[in-house]
Structures are given as structure tokens and as C-alpha cells.
Amino acid sequence: MPELPEVETIARKLKPELVNRTILSADLRWTRTLATPSPGKFKEQIQGQRIVDIGRRAKYLIFRLSSYSLLIHLRMSGDLYIKDGTLSAAKHDRLIINVSGGRSVAFNDTRKFGRVWLTSNPADILGKLGPEPLDNEFTSQWLYAALHKRHRQLKPLLLDQTFIAGLGNIYTDEALNIAKLHPQRDSSSVTAKQAEALRDAIQNVLQEGIRRNGATIDWVYRGGEFQNYFRVYDREGYPCQNCGAIIKRMVVGQRGTHYCPNCQR
DNA sequence: TAAAATGTTGGGTA
DNA sequence: ATACCCAACATTTT
């Protein structure tokens, strides 16, 4: 599920439920879900840690613990939910963290692409990320200059987490449609005015996603309703809301891409 | 059956 | 170094 609004939705939901609870134990049910450290060290180090805060950077969930940071990336199919600690593991639960108060947090991940890091230096993992699109530093001037430093197709560049952090396939398609920019447009050809429109579109669509509690697709991450408001994503054959032309689908940078061939230039 | 799915990374090529 | 393509990771759905 995981793009910025979905991860933000989860962080906001978990935070009031878990802050100040103590981690009692961890049940790692699929070894490769854990990126670092070793399973033995992980279980030893996480035990007894207090959850100080829960937040987000890009598509990473960040649990700030007493003396470590627990980072979780949901990748394609991950979800995190709280459950009664006495319940047995559900299908596809890869990691269960038992906390004080008789509850637990389950990392459920059908496709097993998700990853968990327990580290003293979160910057090792987060350091290469580009700016947060909802932060003040993400200005149209910065975007214009950054787009002109490269010669790349717009969509793959926006998906590059070292360029901007947090956009995924859905929100990128949506933002480009709102900004009326073609996904294959050369980044260095974007005008200052178009860069401003793109900045606004990115911020607005992410905020809309957060306001609607993210998008819920297929069996993954139930709870949001942004999927009912897609302008182009998964809307091949339907009319564009800007101009009425029929929305098309093509593959760009190995990703399914939905766009309006008339008004996105 | 083949294709596609909200993501990232490493390898190879030009 | 930059840009781009492919494969891999693993499972489910259409």
C-alpha cells in the first residue's frame, strides 16, 4: 500500500496507542523481513525498550525507542496493525512485537518485500532520501532547479526517492495529471510556472490522500477511501476530469502509468 | 495462463 | 557519472 499518505495514516493511528508502552518481546516469523541486526541481537536489544515516539520519514515508519530506532518499510504489501496480544499470528504476519498492556503490533506482509531495521543510526538508512514533499524546503524554486539539473523523464524522476521522498506510482500519476504534465516529459524542459504547478499538485494530492486516510487497493491496507477519488490511476478508458479525453495507460520506467494524452503535455 | 500489482535494489549496458 | 533496462524479491488476483 505504502506511499506517503498511507504510511502517515498508519503512523497517526499507531502513535496514541503505543507511545509510552514497553516492548516485552518480539516474534520474528520470517527471517528475511529483518534487515538488521541479526535475529538474536534484535530480540535481545528490542526487549525492554520504551516506545518514545512514532513518526514517518518518506515511506518509512519510525519508532523512536529509548535507545534505538525501529524503522519499518512496508514496500508493496505491508501493513501494521494492533491486536490483542493473546491472539495467535494471522496469515502473513512476519513480525509481532508484544508490548505492555496486553497488546501487540503485527507487521503483516503478504509479498514479504517489507523490511525492518533496528539501529542506533537511522541516518544510515534514511540519509540518502530527498526532501519531504510536504516540508517548507520543497519549494517551486527548488523543484525547478532540481528538474533542470537532470535530463530524465518526469515520472521516473519523481519516483526516485533520492530526488523526492514519499511519492509512489499512484500519487505520481495523480500529481502529473493535476499539473497537466506528460509522464515522459524531459525534466529539464519544465518551465518555472509548470514547476510551481507540479509542486502544488504534489502537495495537494498528498494532503488529499492523508485527509482521506490513504488509498485502499485490493486486499492490501483496508481503511482509506482515496481510491474513490483517483483522477487517472487505474482509470484507463474513463474520461479525464480536466478535458474529457479518454485516459490512457502505458508503461514508463517499468511502471504502469495512467495519463491524459490530451491535456498532459 | 499470462500479466499485473501502492517498492526498492543490484547488475549490466551505453 | 548519468540514464535506462532487466531481474530479483514473493504472493495473489484478474
Side-chain angles (χ1 to χ4, degrees), chain A residues 1-11 29-36 56-61 71-80 90-95 107-117 124-130 133 146-176 183-189 202 205-206 208-210 212-237 249-258:
Chain A
M1 48 148 41
E3 295 187 46
L4 187 156
E6 288 73 33
V7 179
E8 178 69 23
T9 299
I10 291 180
R29 310 181 58 78
W30 181 257
T31 306
R32 298 188 59 179
T33 293
L34 182 61
T36 190
R56 175 195 63 75
R57 167 77 169 107
K59 302 174 194 173
Y60 291 82
L61 276 153
L71 307 183
I72 301 179
H73 198 300
L74 276 20
R75 293 276 178 95
M76 290 292 268
S77 62
D79 195 4
L80 273 180
K91 194 174 185 184
H92 308 312
D93 278 353
R94 309 303 180 195
L95 173 67
F107 177 28
N108 188 277
D109 183 25
T110 306
R111 292 171 69 181
K112 299 177 177 173
F113 292 170
R115 289 292 178 270
V116 173
W117 298 256
D124 291 349
I125 296 126
L126 308 175
K128 288 181 176 175
L129 293 170
L147 291 173
H148 278 253
K149 282 179 194 161
R150 316 285 204 98
H151 291 280
R152 289 186 62 186
Q153 298 184 134
L154 268 185
K155 173 163 177 178
L157 185 56
L158 294 177
L159 287 174
D160 182 342
Q161 301 298 297
T162 67
F163 184 78
I164 304 181
L167 290 175
N169 209 31
I170 292 176
Y171 291 91
T172 301
D173 279 3
E174 296 294 307
L176 287 171
Q184 291 178 302
R185 175 79 171 267
D186 184 326
S187 62
S188 67
S189 77
I202 289 169
V205 80
L206 290 175
E208 183 186 1
I210 292 170
R212 302 196 188 282
N213 300 307
T216 299
I217 303 217
D218 296 338
W219 72 99
V220 178
Y221 177 64
R222 294 155 185 84
E225 55 182 33
F226 183 58
Q227 68 279 2
N228 299 320
Y229 300 88
F230 289 161
R231 294 158 180 82
V232 285
Y233 183 82
D234 203 23
R235 306 253 318 150
E236 181 182 19
R249 180 187 187 278
M250 70 190 301
V251 174
V252 178
Q254 309 161 247
R255 308 300 301 274
T257 297
H258 315 77

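Remember, predicted model here, so these are calculated numbers, not experimental data. Residue numbers start from 1 in every chain, and the chains themselves are labelled A, B, ... in the order their sequence lines are given, proteins ahead of strands.
Within the 4.0 angstrom heavy-atom criterion, only backbone atoms of the sugar-phosphate kind lie near K91(A); the bases stay farther away. Using a 4.0 Å heavy-atom criterion, one finds that G256(A) contacts the sugar-phosphate atoms exclusively. R150(A) comes within contact range of the sugar-phosphate backbone alone, with a heavy-atom separation under 4.0 Å but no base atom that close. Heavy atoms of Y171(A) sit nowhere under 4.0 angstrom from any nucleic acid atom.
Relative to the side chain of Q254(A), the nucleotides dT11(C), dT8(B), dC6(C) differ in distance, and dC6(C) lies closest. Out of dT12(C), dT11(C), dA5(B), the shortest distance to the side chain of R249(A) is found at dA5(B). With dT9(B), dA5(B), dA10(C) as the choices, the nucleotide that has an atom nearest any side-chain atom of R75(A) turns out to be dT9(B). Of the listed nucleotides (dG7(B), dA10(C), dA3(C)), dA3(C) has the atom at the smallest distance from the side chain of R152(A).
A salt bridge is defined here as a Lys NZ or Arg NE, NH1 or NH2 lying under 4.0 Å from an Asp or Glu carboxylate O, and D160(A) with R152(A) meets this definition. Of the charged side-chain nitrogens involved, none lies within less than 4.0 Å of a carboxylate oxygen, so that R255(A) and D173(A) do not count as a salt-bridged pair.
Stem list for DNA chain B (at least 3 consecutive Watson-Crick or G-U pairs, distances under 3.5 Å): B:2-5 with C:11-14, B:7-14 with C:2-9.
When the P atom of dC9(C) is taken as reference, atom NE2 of H73(A) falls 19 Å away, rounded to whole Å. For R111(A) and dT9(B), the CZ to P distance is 16 Å, given to the nearest whole Å. One can place CH2 of W117(A) at 11 Å from C1' of dT9(B), the figure rounded to the nearest angstrom. In this structure, K112(A) places its NZ atom 18 Å from C1' of dA5(B), rounding to the nearest Å. The distance between atom CZ of R115(A) and atom P of dG10(B), rounded to the nearest whole Å, is 12 Å. Whole-Å rounding puts the R32(A) CZ to dT9(B) C1' distance at 12 Å.
Residues from residues 155-168 of chain A that place a heavy atom under 4.0 Å from any atom of DNA chain B, listed by number: Q161(A), G168(A).
You can call F113(A) stacked on the base of dC9(C); the centres are under 5.5 Å apart and the planes sit within 30°.
For F226(A) and Y233(A), the gap between ring centers reaches or exceeds 6.0 Å.
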